[in-house]
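The first residue in the sequence is number 1, and the count goes up from there. Note that these values count all heavy atoms, side chains included, but never hydrogens, waters or copies made by symmetry.
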Amino acid sequence: MFRSVASALDADGNDGDDFLENDDHESRQNRWGSIIDKFEVNFAESVDEDNRKIFQFQQATASSTTDDYFSVLSAPGMASHYNPVARFAGSHSTFSRRKFTEWIQLQRTNASGDMSDIKKYFERSLRIIYSLVLKTIISTVKSGKTEVVVTVHPDLITSENIMVQYSAEDGETAHFIQTEIEGGSSLEELTKKYGAMKALGLVAYEILMRGDMPPVSVFLPSSLSDMRGTVHLPLSVRGSDECCEARNLAKIKVPRKAVDEYEGRITTAMLKAGVPYPLCQFVVDLLGGECSDGLLFRSDVSFASFSDVLLDLKQMINNPEAFIHLSVRDQWKLAFVNKMYGRESEKKMIMDAASRTTGTTSNDALFEALSLLLPRNKRQIVMVSGKPGSGKTRLVMEAKTDLENKGWIFLSCKFDRIVHAEPLSVMASAFDEFLEQCLGSSRQQQICTNLKSLMLSDDVLILTKHVPCLIKYLDNPRAPLTDVEVSKEHMHQLFHQLLHVLSLAGQPVAFFADDLQWADGASIDLLVALSKASEHNSSTVNSDANMAFKIMLIGSYRDNEVDGDHSLTHMLDQLKKRNSAFEVTHIDVRGFTRETLNQILSESFCLPSRRTKSLAELIVHKTDGIAIHVIEFIGRLTTDRILCHSFVKGWEWDNEGIERCPISDSVAELLVFKLNKLPPDALTALQICSVFGIQIEQRIINFVQDFDGDQTVDITAGLKVAAERGLVEMARTPDVFKFAHDIISQLHVNSLPE
């Protein structure tokens with residue numbers, strides 16, 4: 001049977017602090033039995049021969065050749081060799097080790113009290129705990145399923161059976177001296193798993209409290225209660241027979257308050273010691289709960305698997321400021337991080353279409369050269385569909401960043417319900433906005449040069465009626481030619497030539513048309529014309545400009561608003577008939593899955609993903625995972641204080657309160673709830689602006705400021721209030737306000753009196 005370290009030390013009358021310094025091999029054999037034999041042999045075999053030097057020495061002088069800076073370990077059969085191992089303190093050696101309790105004591109002794117040092121200690125401690133968990137389990141495959149098996153007996157997961165070592169390659173890691181009890185009876189898998197978790201919780205408690213703490217046992221009652229008020233005696237891992245016997249212990253009825261008074265004592269003690277709350281919760285969940293035996297009776301939120309333990313540790317190690325110290329900026333505010341979730345495959349479909357457009361589907365230079373001899377690639381059209389607010393626009397905007405990094409030009413426009421007097425005004429706004437952004441940049445002069453060489457001056461003046469910003473690129477600007485009749489085919493050709501002008505040195509162009517369900521017929525005809533246009537334009541002024549030109553069209557639409565009679569449907573049907581020329585990629589954007597939403601909530605709330613899992617399930621059930629619906633539903637939960645923030649514990653919520661919250665038929669109902677809480681002036685300002693579509697310029701706001709003959713409403717001030725609530729935002733073009741979503745604009749249009 002395993003000789004415990006404590007009993008061995010008591011019998012010797014020595015506290016063992018000089019274990020690695022002044023004892024020769026024989027005295028250590030007497031103290032530790034076969035344990036040190038096995039450990040030293042394993043250690044000697046595991047050390048990389050390229051990173052250590054072997055020195056000859058006599059075992060009899062081993063103790064006299066060491067000092068406070070070096071410790072010597074010699075294994076049986078290697079008595080004439082030793083490897084000097086540097087201590088941690090002040091050491092720059094590539095390898096060193098210490099006993100677990102000695103390592104903790106050293107950190108406490110060398111502690112400066114500086115907050116940054118305290119944070120680093122907790123982060124180092126977590127890495128050590130992480131390495132211990134990895135040493136405690138192994139993954140096996142049974143019947144095609146991966147299972148985690150505990151390989152260390154729970155009774156051996158103690159501070160006395162742990163060594164901490166440092167190497168330049170792995171940093172600080174921990175190891176067990178012994179993993180199995182010789183001659184001990186085997187444990188049931190469940191008992192062994194929870195017993196190991198509880199033991200690791202005790203080790204984590206000790207290292208996070210720096211060894212200066214009362215034992216956990218003082219915070220636990222001598223008896224434990226379940227939800228029915230029944231009290232059971234606490235269990236310990238002593239073998240499967242004893243565990244089975246413990247399950248049949250008599251149940252004793254006692255008042256519930258006799259146990260409830262112990263609730264939160266472990267967490268309170270750790271908080272008083274300066275341990276961050278997430279680490280307190282981590283320890284308590286490993287132990288199985290504040291008032292739990294940690295084995296048969298565990299709290300509902302305690303760890304159920306080692307996979308969750310490792311995931312918690314990884315999140316805290318990879319992002320300590322958010323998941324340990326809770327010190328991220330404005331972490332008490334509800335804000336979703338600027339990151340796309342769960343759309344990797346859809347984004348890849350867009351990027352693959354882009355690669356087919358340019359013919360660069362391989363990094364092999366020879367393949368690229370040979371591909372020029374192959375038949376020309378089909379023209380690529382990507383159509384993104386989904387419900388309102390599902391994230392169609394966000395998906396394309398994420399792809400935009402990658403396309404621009406690859407040298408693409410990206411133009412975009414957005415249709416709305418408002419019928420515009422100028423049929424091509426929405427499409428033309430994409431060109432106008434892009435040209436506005438290029439002013440003052442190095443691209444401006446290149447565009448000016450291209451205008452002279454690629455387009456006739458009269459053609460440019462015709463376009464200035466639709467794209468006013470073009471005037472700023474002319475040397476001698478003149479008034480637009482408004483009295484000239486231009487055929488539809490000629491106008492399509494002029495816009496295609498303008499794309500040539502913007503495409504410097506043959507850069508590929510991505511043109512994104514958002515909300516095509518509201519596109520007018522003239523705009524759809526122009527989209528088709530751009531997709532049909534030849535890659536070589538022979539009608540330019542300068543014949544040298546006859547260069548390759550590649551364009552990819554991207555469109556998005558609401559599938560619930562496009563039926564078989566819609567003009568967009570007819571356009572797609574026509575393109576599909578041209579199988580030899582076009583390739584249409586359809587992307588269907590659906591709501592978030594539970595897994596994706598759980599990741600979003602975990603990273604946004606700075607909470608372990610296992611703790612946000614139940615919240616994610618409730619929200620998906622209420623919202624179908626539709627992005628904007630999720631955001632507005634969570635916003636309502638915060639308004640109703642069902643979801644709230646604590647500066648100590650972070651975000652907390654009431655599951656029962658969320659279940660009682662009614663399910664809305666659409667996101668509009670949630671937005672109406674949000675809009676009704678706006679100040680009257682802000683609501684009136686939004687109603688006025690909604691008449692002009694999805695966005696409105698500041699000059700128009702100034703023009704309609706006194707719409708009722710009396711400046712009783714400050715529209716600009718009202719829009720700023722709405723911007724603080726996330727209802728409007730500034731567009732990329734200066735002095736332009738834009739509704740955060742067209743649903744918001746439509747709600748205000750519908751709220752206007754007849």
Side-chain angles (χ1 to χ4, degrees), residues 122-123 125-154 156-157 162 170 173-176 179 187-205 207-208 237 278-289 292-320 322-324 341-342 344 592-618 620 650 655:
F122 289 131
E123 294 167 19
S125 299
L126 279 184
R127 286 191 286 270
I128 289 177
I129 296 171
Y130 182 77
S131 66
L132 277 177
V133 175
L134 292 178
K135 296 295 188 301
T136 303
I137 59 175
I138 60 170
S139 296
T140 60
V141 179
K142 294 182 180 179
S143 302
K145 296 182 179 180
T146 302
E147 296 183 1
V148 175
V149 179
V150 177
T151 59
V152 181
H153 195 285
L156 297 180
I157 304 178
I162 298 173
D170 300 326
T173 57
H175 303 268
F176 293 106
T179 59
L187 299 175
E188 295 180 357
E189 286 299 326
L190 190 62
T191 302
K192 195 172 185 179
K193 179 180 74 172
Y194 289 144
M197 286 185 183
K198 179 178 180 180
L200 286 168
L202 295 173
V203 172
Y205 174 80
I207 190 173
L208 294 174
V237 179
L279 297 183
C280 302
Q281 201 63 59
F282 174 77
V283 170
V284 170
D285 289 348
L286 269 179
L287 293 173
S292 170
D293 66 334
L295 297 173
L296 297 179
F297 308 101
R298 298 174 63 86
S299 69
D300 294 337
V301 295
S302 63
F303 287 106
S305 69
F306 273 101
S307 299
D308 286 339
V309 175
L310 291 173
L311 183 57
D312 270 30
L313 288 169
K314 286 179 181 178
Q315 285 186 300
M316 290 188 285
I317 291 172
N318 294 336
N319 193 354
F323 288 95
I324 299 178
Y341 295 87
E344 291 77 12
F592 293 125
T593 63
R594 287 178 174 83
E595 293 74 19
T596 299
L597 183 56
N598 188 36
Q599 181 187 1
I600 296 173
L601 296 177
S602 174
E603 296 185 10
S604 300
F605 292 173
C606 299
L607 289 174
S609 56
R610 65 184 176 87
R611 284 193 165 269
T612 56
K613 187 180 299 183
S614 62
L615 178 61
E617 291 176 352
L618 288 171
V620 166
N655 284 339

Any heavy-atom pair between the side chains of [Y] and [X] that's under 4.5 Å?
X: Leu310; Y: Leu134; result: yes
X: Ile128; Y: Thr173; result: no
X: Val133; Y: Leu200; result: yes
X: Asn318; Y: Phe323; result: no
X: Glu603; Y: Gln599; result: yes
X: Leu126; Y: Leu313; result: yes
X: His175; Y: Ile162; result: no

(message) If I compare all heavy atoms of Phe176 with all of Leu156, which pair ends up nearest, and what's the gap?
(response) CD2-O, 4.0 Å
(request) Using atom types as modelled and distance alone, determine if a side-chain donor or acceptor of Arg594 lies under 3.5 Å from a backbone N or O of Ser614. (result)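 A pair under 3.5 Å: no.
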Euclidean distance, [Y] [atom2] relative to [X] [atom1], rounded to 0.5 Å:
X: Met316; Y: Glu123; atom1: CE; atom2: CD; result: 11.0 Å
X: Lys613; Y: Leu601; atom1: NZ; atom2: CG; result: 13.0 Å
X: Leu202; Y: Ile207; atom1: CG; atom2: CD1; result: 13.5 Å
X: Leu279; Y: Phe122; atom1: CG; atom2: CZ; result: 6.5 Å
X: Leu597; Y: Leu615; atom1: CG; atom2: CG; result: 7.5 Å
X: Glu147; Y: Ile137; atom1: CD; atom2: CD1; result: 13.0 Å

(message) Using the rule given for salt bridge (charged side-chain N to carboxylate O under 4.0 Å, His left out), can you reason through Arg611 versus Asp312, listing the C-alpha separation, both sets of side-chain angles and the distance that settles it, and then say yes or no?
(response) CA-CA 10 Å; Arg611 284 193 165 269; Asp312 270 30; over 6 Å; no
(message) Is there a side chain to side chain contact (heavy atoms under 4.5 Å, CB included) between Val203 and Leu132? Walk through the geometry before answering.
(response) CA-CA 10 Å; Val203 172; Leu132 277 177; 3.9 Å; yes
(request) Using the side chain to side chain contact (heavy atoms under 4.5 Å, CB included) rule, take His153 and Thr179 through it: C-alpha gap first, then chi angles, then the decisive distance, then the call. (result) CA-CA 6 Å; His153 195 285; Thr179 59; over 6 Å; no
(message) Just by distance, no angles: are the side chains of Ser609 and Asn598 close enough, under 3.5 Å, to form a donor-acceptor pair?
(response)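 Checked: Ser609/Asn598 side chains show no N/O donor-acceptor pair below 3.5 Å.
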(request) Check the side chains of Gln315 and Ser602 for a donor-acceptor pair under 3.5 angstrom, ignoring hydrogens and angles. (result) yes
(request) Please say whether more than 12 non-hydrogen atoms of neighbouring residues, nucleotides or ligands are located less than 6.0 Å from CG in Asp300. (result)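 No, the 6.0 Å shell around CG holds no more than 12 heavy atoms from other groups.
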(request) For Lys135, look at atom NZ and say whether over 12 heavy atoms of other residues, nucleotides or ligands are found less than 6.0 Å away. (result)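 It does: Lys135 NZ has more than 12 such atoms within range.
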(request) Establish, yes or no, whether a centroid distance under 6.0 Å links the rings of Phe303 and Phe282. (result) yes
(message) Applying side chain to side chain contact (heavy atoms under 4.5 Å, CB included), can you list everything that pairs with Leu618, at least two apart in sequence or on another chain?
(response) Asn655, Ile658, Glu659
(request) Please list, chain by chain and in numerical order, all residues satisfying ring pair (Phe, Tyr, Trp, His ring centres under 6.0 Å) with Tyr205, sequence neighbours excluded. (result) none
